[in-house]
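Notes to accompany the following structure.
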There are 2 protein chains.
Amino acid sequence: MERSKACTIADVARTAGVSPTTVSLVLNGKSGVAKSTRQKVLKAAETLNYRPNASARSLALQKTNMLGVILPDIGSPFYTELIRGVEQEAGAQGYYLVLCTTSGRPSREQMYSRLLWEQRVDGLVLLTPRGNESFIRGIRGNGFPLVVVDRDIQARDDVVEVIVNNFNGAIQAMEHLIGCGYRRIGFINGLAGIQASQDRLRGYQIALQEHDLPFVSEWVVSSDFTQEGGYAAMKELLAVSPSLDAVFVASDRMAVGAMGAIRQDGRRIPDDIALVGFDDVPLAAQTDPPLTTVRQPMLEMGALGVKLLLRMIKGKAIEHPKVTLQTELVVRSSTCAHTKGVDERRVRQVDDE
Amino acid sequence: MERSKACTIADVARTAGVSPTTVSLVLNGKSGVAKSTRQKVLKAAETLNYRPNASARSLALQKTNMLGVILPDIGSPFYTELIRGVEQEAGAQGYYLVLCTTSGRPSREQMYSRLLWEQRVDGLVLLTPRGNESFIRGIRGNGFPLVVVDRDIQARDDVVEVIVNNFNGAIQAMEHLIGCGYRRIGFINGLAGIQASQDRLRGYQIALQEHDLPFVSEWVVSSDFTQEGGYAAMKELLAVSPSLDAVFVASDRMAVGAMGAIRQDGRRIPDDIALVGFDDVPLAAQTDPPLTTVRQPMLEMGALGVKLLLRMIKGKAIEHPKVTLQTELVVRSSTCAHTKGVDERRVRQVDDE
DNA sequence: GTGAAAGCGCTAACAC
DNA sequence: GTGTTAGCGCTTTCAC
């Protein structure tokens with residue numbers, strides 16, 4: 001069965017007995033066409049099963065109705081949620097998504113942007129915590145619509161960003177732990193090279209400082225956001241500093257790994273060691289015990305990124321090029337068991353102040 | 001900073017002092033151009049920072065170099081792995097991916113296919129375990145390149161498929177459990193409406209039968225592939241049939257949920273109840289205890305799907321339109337502890353026969 | 001209200 | 001070897 005050659009606007013025009021122009025007008029819902037001709041055209045298109053050719057349309061209109069998304073990997077639940085937000089908003093506005101993963105290799109990033117810029121997409125959503133800043137400047141300097149999500153490109157005001165207040169998120173986690181009475185609080189941080197990690201570390205330090213608790217460098221270890229990494233980091237903490245009574249972990253996935261290490265060590269959560277995660281990915285509600293964590297509004301970040309991007313594409317001004325969203329403490333059962341009973345179900349508790 | 005209007009092939013031709021044709025020839029690496037002119041063209045393109053326009057190219061060439069992927073959701077680790085395979089192969093062959101999730105709604109499926117068929121993509125990879133068969137026939141009947149992964153559209157030979165031997169996978173799981181000495185084996189199946197679920201159920205039954213073990217209908221419950229679903233299903237099994245000594249679970253995610261239920265019930269794995277999962281998603285190696293499971297070659301399924309699709313697109317014949325891949329038993333620590341010691345690390349053990 | 005014609009940027013016969 | 005020309009399918013001035 002051969003592919004039936006798609007019919008063109010000319011075919012429709014012919015069978016409807018009108019000109020291509022008229023067909024175009026009708027199909028695009030423009031006004032100024034007589035009702036009777038409109039009917040004829042619609043019927044012809046219907047019977048011929050006409051579908052417009054996107055390439056031709058893009059060429060004429062100079063837009064593709066597609067957005068590019070560049071991200072390290074779709075495996076992490078954090079990015080999965082982010083993309084879900086991106087997709088939701090893009091879909092709602094009639095845009096398709098071209099997904100490109102870099103697998104962490106900056107070379108891919110460049111390759112993709114270059115190719116995406118063959119006018120394949122009308123704009124780019126960048127979800128790359130690492131990667132080359134000069135590359136971003138290159139795209140942006142060219143005037144190409146671009147939104148950076150979850151990363152702060154400092155030296156430039158003209159790069160539109162959606163970021164999250166990681167510093168404050170860390171403060172929330174620490175205030176909660178300290179409020180529960182924990183005093184020997186360790187910290188498993190994410191990849192060291194990332195802005196977010198630096199902000200969270202700063203939050204950890206400031207929180208300690210504000211409560212006159214000492215900063216012990218052995219209590220802080222850097223990992224890589226993976227479950228295995230969290231496991232190894234916790235092993236290390238347990239070996240070096242067995243006296244910790246709580247640990248703040250910079251991602252839920254690492255926290256799950258840490259849970260394994262703690263359990264394997266024969267200690268219990270939260271009775272022996274309390275744990276606070278970061279992100280609030282779906283997984284966090286399903287661990288044993290359910291994980292207290294700092295929620296990032298991932299869906300919202302993705303959706304907002306697309307909203308801003310489409311605004312740029314349409315040439316509208318962006319009032320605030322840098323939008324900072326707030327985190328939110330979600331208290332579950334991996335903390336505070338000995339202080340007060342906490343419902344296992346999700347309890348949102350915003351920690352202002 | 002305004003976007004610099006992209007320069008065209010004509011601009012390059014002008015500054016190089018040649019014709020557009022020549023530029024096209026050079027840029028596409030065709031032979032039959034003098035070395036000196038080639039140099040001139042390359043230099044002109046370089047200095048003008050020329051980038052070909054994909055829409056124009058697609059229009060002229062009648063191909064887009066993009067593939068569509070339709071799937072229910074990127075959240076599940078099973079699909080995440082599958083997509084990774086798809087992406088890897090597509091990327092290697094210079095194709096971009098347009099990702100569309102249906103969120104389980106068949107209506108979206110149709111919408112997407114219709115839109116994708118505006119010649120936006122050169123072919124379609126379908127990863128939809130449910131959804132409408134007539135829709136698939138519609139696309140295929142039109143001659144549009146299409147590969148269905150992880151689903152068997154039976155009534156049609158002309159639909160190219162990559163499927164996995166779910167029946168045999170279930171047999172592998174059951175043979176392992178029975179070989180370990182378990183006799184009271186429950187089964188938590190996935191969504192009932194899916195082909196894969198039916199095949200696995202059949203495997204469960206046949207395995208019992210071949211070992212003269214009775215089929216007890218209370219020992220079988222259907223769930224939905226999610227962790228929560230697995231948790232609830234296991235709760236039910238424990239309540240109704242507390243005497244089970246092993247459970248075969250039709251997905252790793254459900255198995256993780258089941259683990260939670262078992263632990264909460266105060267029983268231990270595998271001493272009190274053994275567990276075998278299905279899929280071998282990355283998570284399975286990191287549960288506590290690590291999960292014995294039936295591995296599906298997800299990466300390979302995705303990659304093979306794309307390989308076949310590209311072969312179709314290039315008009316080559318597909319010798320075997322239905323490729324069935326085999327599963328593989330991966331023994332970890334959630335089974336057999338009382339029979340023999342098993343290394344916690346991944347041990348592949350193909351169960352032929 | 002409707003149609004003829006030009007053009008979006010690229011490729012590919014076909015001449016020279 | 002290189003250039004001329006005619007599309008690919010659609011939109012859009014600009015006449016009528």
Side-chain angles (χ1 to χ4, degrees), chain A residues 3-42 44-45 48-66 115-122, chain B residues 3-45 48-66 94 115-122:
Chain A
R3 166 133 54 137
S4 51
K5 183 154 175 6
C7 71
T8 76
I9 211 171
D11 299 322
V12 177
R14 200 173 312 118
T15 73
V18 297
S19 77
T21 310
T22 308
V23 176
S24 177
L25 290 175
V26 171
L27 264 29
N28 290 309
K30 304 267 168 96
S31 62
V33 183
K35 238 178 222 163
S36 59
T37 31
R38 161 165 272 120
Q39 293 303 327
K40 274 193 298 185
V41 170
L42 255 24
L48 288 178
N49 193 24
Y50 169 79
R51 301 263 180 270
N53 179 311
S55 299
R57 207 143 194 281
S58 296
L59 181 57
L61 252 37
Q62 304 280 50
K63 69 191 289 275
T64 60
N65 267 287
M66 303 207 278
L115 293 175
L116 285 169
W117 179 43
E118 298 171 347
Q119 319 237 11
R120 275 206 145 79
V121 294
D122 297 333
Chain B
R3 166 132 55 134
S4 51
K5 183 155 176 4
C7 73
T8 77
I9 210 172
D11 299 323
V12 178
R14 200 173 313 118
T15 73
V18 297
S19 79
T21 309
T22 309
V23 176
S24 177
L25 290 174
V26 171
L27 263 29
N28 289 309
K30 304 268 168 98
S31 63
V33 183
K35 236 177 223 162
S36 58
T37 32
R38 160 164 274 121
Q39 293 304 328
K40 273 193 299 185
V41 170
L42 255 25
K43 209 181 111 232
L48 289 178
N49 193 24
Y50 169 78
R51 302 263 181 269
N53 178 311
S55 299
R57 210 145 190 278
S58 296
L59 182 56
L61 253 36
Q62 305 280 51
K63 67 191 291 277
T64 60
N65 266 287
M66 302 207 278
L115 292 175
L116 286 169
W117 180 43
E118 299 171 346
Q119 318 236 14
R120 274 205 147 80
V121 295
D122 297 334

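Lettering of chains follows the sequences in order, A, B, ..., and the numbering in each one begins at 1.
- Taking atom CG on B:Leu59 and atom P on C:dC10, their separation rounds to 12 Å, with Å as the unit.
- Distance B:Leu27 CG to C:dT11 P: 8 Å, rounded to the nearest Å.
- Among the heavy atoms of the strands lying under 4.0 Å from B:Thr37 are primed sugar atoms or P, OP1, OP2 only; no base atom is included.
- Distances were taken from every side-chain heavy atom of B:Leu61 (C-beta onward) to each of D:dG9, C:dT11, C:dC10; the shortest belongs to C:dT11.
- For D:dT11, neither phosphate oxygen OP1 nor OP2 lies less than 4.0 angstrom from any side-chain nitrogen or oxygen of A:Lys30.
- Separating the NZ atom of A:Lys35 from the P atom of C:dT2 is a distance of 13 Å, rounded to the nearest angstrom.
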I'd like to know whether A:Arg38 forms a side-chain contact (heavy atoms from CB on, under 4.5 Å) with A:Leu27, so could you lay out the CA-CA distance, the side-chain angles of the two residues, the decisive distance to 0.1 Å, and finally the verdict.
CA-CA 9 Å; A:Arg38 161 165 272 120; A:Leu27 264 29; over 6 Å; no
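- No side-chain donor-acceptor contact under 3.5 Å links B:Arg120 and A:Asn53.
- As rounded to whole Å, 15 Å separates atom P of D:dC10 from atom CG of A:Asn65.
- Applying side chain to side chain contact (heavy atoms under 4.5 Å, CB included) to B:Val41 and the options B:Val33, B:Val23, B:Thr15, B:Leu25 leaves one that passes, B:Val23.
- The NZ atom of B:Lys63 sits 11 Å away from the P atom of C:dA12 (whole-angstrom rounding).
- Atom CD of B:Gln119 is separated from atom OG of B:Ser58 by 10.0 Å, given to the nearest 0.5 angstrom.
- Under the 3.5 Å distance criterion, with hydrogens and angles disregarded, a donor-acceptor pair is assigned to the side chains of A:Thr22 and A:Ser19.
- If you measure from atom CZ of B:Arg51 to atom P of C:dG9, you get 16 Å, rounded to the nearest angstrom.
- Between A:Arg51 and A:Asn49, the side chains place a donor N or O and an acceptor N or O closer than 3.5 Å (distance only, hydrogens not considered).
- Closest contact between the side chain of A:Ala34 and the listed nucleotides C:dC10, D:dC10, C:dT2 involves C:dT2.
- Between B:Gln119 atom CD and D:dC10 atom C1' the separation is 13 Å, expressed in whole Å.
- Atom OG1 of B:Thr8 is separated from atom CZ of B:Arg14 by 6.5 Å, given to the nearest 0.5 angstrom.
- Atom P of nucleotide D:dG9 and atom CG of A:Leu48 are separated by 14 Å, given to the nearest angstrom.
- For B:Ala56, taking side-chain heavy atoms from C-beta onward, the closest of the listed nucleotides C:dG1, C:dC10, D:dG9 is C:dC10.
- OP1 or OP2 of C:dT11 has at least one side-chain nitrogen or oxygen of B:Arg57 nearer than 4.0 Å.
- An OP1 or OP2 oxygen of D:dT11 is reached within less than 4.0 angstrom by a side-chain nitrogen or oxygen of A:Asn28.
- Taking a 4.0 Å limit (strictly below) on heavy-atom distances, residues 10-26 of chain A reaches DNA chain D at A:Thr21, A:Ser24.
- Remark: A:Gln62 is in phosphate contact with C:dG9, judged by side-chain N or O atoms under 4.0 Å from OP1 or OP2.
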